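Below, chains carry the letters A, B, ... as their sequence lines are ordered, and counting in each starts from 1. Keep in mind the model is a prediction, meaning the values are calculated, not measured.
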Amino acid sequence: MLQLSLIREQREKVISALKKRRVPNIEETIDQVLALDHDRRRAQQEHDELLAESNRIAREIGELMKSGRKDEAEARRTRTSDLKKRVAALTETLNQTAASLQHLLYQIPNTPHDDVPDGAGPDDNIVVHEHGVIPELSGDAVPHWDLIKQYDIIDFELGVKLTGAGFPVYKGKGAKLQRALVNFFLDKATKKGYAEIQPPILVNEASGYATGQLPDKEGQMYRVDSDNLYLIPTAEVPITNLYRDVILAERDLPIRNAGYTPCFRREAGSWGSHVRGLNRLHQFDKVEIVHITRPEDSYREHEEMVAHAESLLTALELPFRRLLLCGGDMGFNAAKCYDLEVFAAAQKRWLEVSSVSNFETFQANRLKLRYKDEKGKTQLLHTLNGSALALPRIVAALLENNQGPGGIRIPPILVPYTGFDVIEKNG
RNA sequence: GGAGAGAUGCCGGAGCGGUCGAACGGGGCGGUCUCGAAAACCGUUGUCCGAGCAAUCGGACCGAGGGUUCGAAUCCCUCUCUCUCCGCCA
């Protein structure tokens, strides 16, 4: 949620920033916000004055009663009944105005940072750089969805039997590879100074609202109706919510947390022919990193986060590129976002494996995540998060890029984790 | 699943319906003392909204939402959550 004070003080800047996202009718929306804000403040002022009056009378009555002047007290009593009615009416107006205002604010996405290019969609993203060598595969190379069958390491049919489409079963070396990647990612994060967190993978409604999954993206999460809980779509939700309603001390900053969780996404309406195999799943594994920083540090931290994620890809010897997302392609909460994509050589496609975002105060505003600065003033912190990394597409690229006549080669850095250096047929 | 207890500030824990934003203790912060530290002592220690350049002032907040009352942390109702014991179980 954008800060009202920002909209109030920098209307033009907010509008021009939001235009980079191609938000329709943004002037009207912003002016509606300002009008509601104005109405709310006026109502509040009047409301508070009436209450002050009524509090004063109540206090007087108390004193009169104490000193036994009952008739004078009675006289004042009648004066308050009219006040009460007016207060009740104003409270109603105030609540309604505040609710409409909040509703409207919830619908406005974050303002893109100055660096973010204007653009309508993926074609307007900027390739910041490419890294690594795209392997030349032999003519009989096949996409991962064929490899996993040939080597019998990931089984979609069994997943359908147990659960449904998009819930694969990892078997043998396939299962070990998952475990190895999770441990590798977590170890790398820990070495970098991240505190490891293992959070619940079910969260309550309050958590969903605080990080912005609710109310709008409700359809993307699996809900446990009987207990009114949600399966997390990413570890961002529980880890960031650790800091909901928290006022941190400046010496606690920056906070850097990393956590592994399975992630659950309904992906309603987002299936198509290009999302075969591991390219899109309902359940997948991911190591997520979360930073909480002072406003002045967040962009430096953002660069460090993306560099950390890139170092994982480099270590895994996967060719990748970094994209700076344009306004139209950025997530709702982000002020600036980098995507990392690996090249899956058999599909001959770039696959997104990480998305590293700076939310500035947008998320902290809903979370009520603040700190006391050196002047003792309480102010909102910046939150950032990123994948480091999401497993399925990493696995897809590893399988496709490393396939050869002798089987699928495991990158050396992973061998201590897997315990094997090649995936062969029948074993 | 059964039975009971409770929800108050950073924590523990009081709180006759009328200076209660809230006693007391602990913690934190600042200070005195000390070469330094501990101890002791003194002081200080909430959030949000609104008005104001500011000092400051007004309002709200004692799980949430309603109600009674001139006045509610205190009385009534509803909801939510937590804890304890028993049962079941990794």
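Spacing between B:A72 and B:G17 at atom P, rounded to whole Å, works out to 14 Å. B:G26 and B:U80 are spaced 39 Å apart, taking the P atom of each and rounding to whole Å. Nucleotides B:C49 and B:U68 have their C1' atoms positioned 27 Å apart, rounded to a whole Å.
The 12-atom threshold is exceeded at CZ of A:R8, counting heavy atoms of other residues, nucleotides or ligands nearer than 6.0 Å. More than 12 non-hydrogen atoms from other residues, nucleotides or ligands lie less than 6.0 angstrom from NZ of A:K217.
Counting only residues at least two apart or on different chains, the side-chain hydrogen bond (donor to acceptor under 3.5 Å, both in side chains) pairs with a member in residues 182-192 of chain A are A:D187-A:Y417.
Applying the side-chain hydrogen bond (donor to acceptor under 3.5 Å, both in side chains) test between A:Y299 and each of A:E360, A:E304, A:K336 identifies A:E360 as the sole match.
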Provide a list of protein-nucleic acid N or O atom pairs under 3.5 angstrom, restricted to nucleotides 70-77 of chain B.
none

What's touching nucleotides 27-31 of chain B from the protein side, N or O pairs under 3.5 Å?
none

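A:H38 places its NE2 atom 10 Å from the P atom of B:A51, with the value rounded to the nearest Å. A straight line from CG of A:D245 to P of B:C10 spans 11 Å, rounded to a whole angstrom. Protein atom NZ of A:K377 is 15 Å distant from nucleotide atom C1' of B:U47, rounded to whole Å.
In this structure, the side chains of A:M1 and A:I108 stay at 4.5 Å or more apart for every pair of heavy atoms. Taking 4.5 Å as the limit, some side-chain heavy atom of A:Q213 sits within range of a side-chain heavy atom of A:P233.
Looking at heavy-atom distances under 4.0 Å, A:I247 makes contact with sugar-phosphate atoms alone, never a base.
Not a single donor-acceptor pair under 3.5 Å links the side chain of A:N385 to the backbone N or O of A:V290. Between the A:R22 side chain and the A:G327 main chain, no donor and acceptor come within less than 3.5 Å of each other.
A:Y371 pairs by the ring-ring contact (aromatic ring centres under 6.0 Å, His included) definition with nothing, not counting sequence neighbours.
A heavy atom lying under 4.0 Å from RNA chain B marks the following residues of residues 44-53 of chain A, by number: A:Q44, A:Q45, A:D48, A:L51, A:A52.
For the strand RNA chain B, secondary-structure stems (runs of at least three Watson-Crick or G-U pairs, all distances below 3.5 Å) span B:1-7 with B:80-86, B:10-12 with B:24-26, B:27-32 with B:40-45, B:46-51 with B:56-61, B:63-67 with B:75-79.
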